[in-house]
Amino acid sequence: MRFRRAYALVFLAVATLQGCVSFTPYQPAPTEADLVIRNATIVGAGTESVRENVDIAVMDSRIVAITEHPSPYIGIQTIDATGRYVIPGLIDAHTHPFPIERSFSQFMHYGVMTILVTGCSLCTNERMAALRALGKDNMEVAPRVFHTSQHVTMEGRHPVKTYPTPNWVEGSTVFYLRDREDIAPLIARLADDPIVGIKLTIEKGPIPPFVEPISEAFVTEVVSQAHARNVKVYAHVSDIAGAEVANRAGVDHLLHFTGVTLDWDQHAAMIEGFVDRDLHWVTTLMIDKSFLYPLNPDWIMRARDTSLFDEELDRFAATGMSIEGARRAAQMIYGEPDPVFAKNPLLQQQFDNLLWLHKSGIKLVTGTDVGNRYILPGFSLHEEMELLELGGFKPLEILKMATINAAELIDADDSLGSVEIGKIADLVVLARDPRSSIAHLRDIDMVIKGGNPLPIH
């Protein structure tokens, strides 16, 4: 009874005080961050895909908070993103980006903040170390660089015979397989390098005259030795026969789709196997488009209008084949007297195949093969994405291919590929909503690398 009376007195006292005293609820002290992006719409926010009216706080190059606007965070730098859209940095998952003096700023201008270099005649260990260092510096206008090993192929095969140059140096920029007994020590050596995996060249080449593909026995041995060391194998293929070899050998990822023709009944089991082992497939539709560039002066003018690629376009025009020669080459490739890209049956077949792969569960990844004629750093990744939209893919599906799918391909999805807490703040701020058109990805207001806004215009 005494307890009840005491409780009642306390309650009465509190009730009386509430009538004359105002209580301020507890509020945590504001938290300081290196950068706060206020009132943004995130497109590519992990499993939620889209988050609206949020603040993004960045500390020590990583995202530390994503909260409803307004948040308590105070930034040393603050960006008002009202009416703007924030996406993860784009990734081009098939590049040969030389000369880097120009290509790196070009990539960044178009929001391409990470690249996968898939071997090249200039890709020595020393050069790749220099590229990695540039990419890691958050103050450099340079994409983050991941790379495979140098090309593993056979003498007289692709790419050495297809693209002859004295820069191919055995043991430095290319590795030849001659005997199966040589494979184990080679893979053991390459496995110690800072690579995402082994670059294995199965393909016969992009255009005639084709070369003999690498022996299937060698492919199988390379994959076996790589997997024994927990190293993945990334393969070039240029037709369905190469894809079938890669499947039987257990290759982890495929770096080209161009040239592959699938039969939905005949290849269903192969595709199921790819899905089961989480194989990612890089699209590279730009290879087809690049063949027809000389026949489409409006494409060239669109690139020239950027004022970023005059040097490259002049070089392509001076060293490439004539318009008539390009027409003959296109006729040979596409089997048509007057090849028109948008209405090309071969292109439509690729669209149909890619849509089928996507619906089957294959994770497609955007890549362009920068380094080939008329494939331009940054600019052509947007062309690649626009081709995919033309082929029937939705903008959010394409954005996923260029961000989180690509990050998974290079085993960097713990730090890149989406706008989430704990990930590196490599971000692109857009003026228009990319959900309505993939072309809106070109409308870039700002690029932020590791939490640092960089000059790209």
Side-chain angles (χ1 to χ4, degrees), residues 37 39-54 56 63 66 68 81-94 110-114 116 257 275 278-286 350-368 378-410 412-421 423-448:
I37 304 171
N39 202 25
T41 295
I42 300 174
V43 183
T47 55
E48 295 184 59
S49 291
V50 178
R51 294 187 65 179
E52 298 181 342
N53 305 118
V54 296
I56 306 166
I63 298 169
I66 301 175
E68 290 185 7
T82 302
R84 296 296 187 261
Y85 302 84
V86 175
I87 64 168
L90 301 173
I91 301 173
D92 189 335
H94 193 132
Y110 286 98
V112 179
M113 304 189 70
T114 299
L116 174 62
F257 183 76
V275 173
D278 199 27
L279 177 139
H280 291 45
W281 205 329
V282 183
T283 54
T284 60
L285 292 171
M286 274 305 300
Q350 289 190 72
F351 287 155
D352 292 343
N353 284 175
L354 286 170
L355 285 166
W356 175 54
L357 290 174
H358 175 66
K359 291 173 183 176
S360 299
I362 294 289
K363 292 180 180 177
L364 299 176
V365 176
T366 53
T368 60
F379 183 89
S380 289
L381 185 68
H382 290 269
E383 289 185 281
E384 183 83 17
M385 294 187 290
E386 289 162 8
L387 286 174
L388 288 163
E389 188 174 43
L390 176 67
F393 287 92
K394 298 175 182 177
L396 276 178
E397 293 172 334
I398 300 167
L399 182 61
K400 190 174 181 180
M401 297 176 202
T403 54
I404 191 62
N405 285 10
E408 291 174 357
L409 174 85
I410 58 177
D413 51 304
D414 61 338
S415 57
L416 301 172
S418 59
V419 185
E420 296 182 89
I421 293 172
K423 293 200 173 183
I424 295 172
D426 283 0
L427 308 171
V428 180
V429 181
L430 303 173
R432 292 192 289 173
D433 190 345
R435 292 172 291 181
S436 57
S437 170
I438 207 66
H440 292 175
L441 289 178
R442 290 179 180 268
D443 203 349
I444 296 172
D445 271 357
M446 184 180 299
V447 164
I448 300 167

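The shortest side-chain heavy-atom distance between Thr403 and Leu90 falls under the 4.5 Å cut-off. With contacts defined as side-chain heavy-atom distances shorter than 4.5 Å, the pair Tyr85/Glu52 does not qualify. Side-chain contact check for Leu396 versus Arg435: some heavy-atom pair is nearer than 4.5 Å. At least one side-chain heavy atom of Trp281 sits under 4.5 Å from a side-chain heavy atom of Leu357. At least one side-chain heavy atom of Ile362 sits under 4.5 Å from a side-chain heavy atom of Val275.
The two atoms that bring Phe257 and Thr284 nearest to each other are N-OG1, 3.4 Å, heavy atoms only. Counting all heavy atoms, side chain and backbone alike, Pro88 lies closest to Ser418 at CG-CA, 3.5 Å. Of all heavy-atom pairs between His440 and Leu430, the closest is O-CD2, 4.0 Å. Nearest approach of Ser380 to Met286, heavy atoms of both residues: O-CG, 3.5 Å. For Gly378 against Val112, the heavy-atom pair with the smallest separation is CA-CG2, 3.9 Å. Of all non-hydrogen atoms in Glu389 and Pro395, the two that sit nearest each other are OE2-CG, 3.4 Å.
Distance alone, capped at 3.5 Å, places no donor-acceptor pair between the Asp426 side chain and the Leu416 backbone. For His280 (side chain) and Val365 (main-chain N/O), no donor-acceptor pair under 3.5 Å exists by modelled atom type. Remark: side-chain polar atoms of Glu384 are paired, donor with acceptor, to backbone N or O of Leu285 under 3.5 angstrom. Checked by atom type and distance alone, the side chain of Asn405 pairs as donor or acceptor with a backbone atom of Leu364 at under 3.5 Å. Judged by distance alone, the side chain of Ser437 and the main-chain N or O of Ala439 form a donor-acceptor pair under 3.5 Å.
The OG1 atom of Thr366 sits 12.0 Å away from the CG atom of Leu387 when rounded to the nearest 0.5 Å. The structure places CD1 of Ile87 at 7.0 Å from CD1 of Ile444, a figure rounded to the nearest 0.5 Å. Arg84 contributes atom CZ, which lies 8.0 Å from atom CG of Asp443 (distance to the nearest 0.5 angstrom). Here Thr368 contributes atom OG1 and Met385 contributes atom CE; the two are 10.5 Å apart, rounded to the nearest 0.5 Å. Between Ile66 atom CD1 and Ile37 atom CD1 the span is 9.5 Å, to the nearest 0.5 Å. A distance of 12.0 Å separates NZ of Lys359 from CG of Leu354, quoted to the nearest 0.5 Å.
Taking the charged nitrogens against the carboxylate oxygens, Lys394 and Glu397 have no contact shorter than 4.0 Å, which rules out a salt bridge.
Checked options Leu355, Ile438, Thr283; the residue passing with Phe393 is Leu355 (criterion: side chain to side chain contact (heavy atoms under 4.5 Å, CB included)).
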